[in-house]
Amino acid sequence: MTRRAAEIRLDALLRTACDVIVERGLANTRTADIAEAAGVSQALVFYHFNTKDQLLAQAFAYAVEQDLAKLDAVVRSSAPPLVKLKKFLRLYAPTGRTRSWSMWIDGWSESLRSPELEKESRRLDLRWKQDLTQIIAAGVRDGTFRCDDPTGAAWRISGLIDGLAVQSTVHGRAIPRRTFAQWVRLSAARELGLRPEQLD
């Protein structure tokens, strides 16, 4: 197998693994399930991954990186901090991202038992918080936001979204999307010295 063919096969295998994980859950996904869904042998799966835990951790990272690529584009853009913040909040919220949130919730749960997955989920989760901190700090510097602790504000805002997203994803319509968005805007506005309507 050429290096390029191996890379293509690995990408396809990770995409298939994500599909299987969303359907079966991390705890119930076997390497045999992924191999069968991908139409390959288990030997090929283990050619790419030493262990099942490594495969699941990399599949989780693969799924999350899709969203992080969108976030990176927001952070790197030349838009002012307030615009970046609004885009960040839309990206982070579960609206239209149910699959991603299902992976996150499942990943957090399994991280209690899998050190490899815990390490990967922590690394990826910190990227969201670091990017939000960067946006807030830039807004403080240019006078858009008033906040003495950008890092703490980023953790509190994302913590609220995480908690509401778990409820919304697991319990369906427990929190209407409109209410979810209002609460997030209210919390972010309070943290950053804004009026909630500025985040509409």
Side-chain angles (χ1 to χ4, degrees), residues 1-77 87-132 158 161-174 177 180:
M1 187 184 301
T2 68
R3 183 171 180 172
R4 177 66 180 149
E7 288 171 357
I8 292 170
R9 182 64 64 88
L10 176 60
D11 186 77
L13 194 56
L14 286 169
R15 273 188 280 115
T16 301
C18 291
D19 292 339
V20 174
I21 289 166
V22 167
E23 182 183 328
R24 297 181 62 92
L26 282 160
N28 296 318
T29 295
R30 303 171 305 156
T31 53
D33 300 323
I34 294 169
E36 182 181 351
V40 300
S41 68
Q42 280 197 75
L44 182 66
V45 173
F46 286 113
Y47 168 82
H48 289 290
F49 308 98
N50 292 327
T51 64
K52 174 188 167 183
D53 282 351
Q54 186 183 70
L55 166 60
L56 296 179
Q58 288 192 30
F60 174 82
Y62 180 88
V64 173
E65 290 285 357
Q66 313 304 308
D67 291 327
L68 285 169
K70 297 173 191 171
L71 175 62
D72 289 343
V74 169
V75 173
R76 287 194 313 267
S77 76
K87 288 182 178 179
F88 177 95
L89 295 176
R90 281 196 296 274
L91 275 175
Y92 201 98
T95 305
R97 300 178 59 244
T98 305
R99 177 187 167 102
S100 296
W101 271 103
S102 295
M103 287 285 284
W104 269 112
I105 294 165
D106 203 11
W108 284 329
S109 175
E110 283 304 303
S111 289
L112 294 170
R113 290 167 287 282
S114 168
E116 191 142 7
L117 188 56
E118 188 280 327
K119 180 180 176 183
E120 201 59 34
S121 68
R122 177 167 27 100
R123 178 184 72 82
L124 295 162
D125 187 54
L126 284 174
R127 279 181 58 190
W128 283 97
K129 292 170 174 61
Q130 289 162 353
D131 283 348
L132 180 54
S158 60
I161 297 172
D162 290 346
L164 293 176
V166 169
Q167 290 292 323
S168 179
T169 302
V170 174
H171 300 298
R173 303 192 200 295
R177 287 183 178 177
F180 186 116

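None of these values were measured; they are calculated from a predicted model.
Within a 6.0 Å radius of CD in Gln66, other residues, nucleotides and ligands contribute more than 12 heavy atoms. Remark: Lys129 NZ is packed, more than 12 non-hydrogen atoms of other residues, nucleotides or ligands lying under 6.0 Å away.
With respect to the salt-bridge test (charged N to carboxylate O, under 4.0 angstrom), the residues Glu120 and Arg123 qualify. The residues Glu36 and Arg30 are annotated as not salt-bridged, no charged nitrogen and carboxylate oxygen being separated by less than 4.0 angstrom. A salt bridge links Asp11 to Arg15: one of the charged nitrogens lies within less than 4.0 Å of a carboxylate oxygen.
In this structure, the side chains of Val40 and Val45 come closer than 4.5 Å at one or more pairs of heavy atoms. The shortest side-chain heavy-atom distance between Leu44 and Arg9 falls under the 4.5 Å cut-off.
Residues that satisfy the salt bridge (charged side-chain N to carboxylate O under 4.0 Å, His left out) test with Asp106, not counting sequence neighbours, are absent from this structure. The side chain to side chain donor-acceptor pair (under 3.5 Å) search around Ser168 returns none, not counting sequence neighbours.
Separating the CD1 atom in Ile21 from the OH atom in Tyr62 is a distance of 12.0 Å, to the nearest 0.5 Å. Remark: Leu55 CG to Leu117 CG distance equals 11.0 Å, nearest 0.5 Å.
Ser102 approaches Thr169 most closely through the heavy-atom pair OG-CG2, 3.9 Å. The shortest non-hydrogen separation linking Phe180 to Ile161 is CZ-O, 4.0 Å.
For the pair Asn28 (side chain) and Gly25 (backbone), a donor-acceptor distance under 3.5 Å is absent.
Relative orientation of the Tyr92 and Phe88 rings is parallel, given thresholds of 30° and 60° on the angle between their planes.
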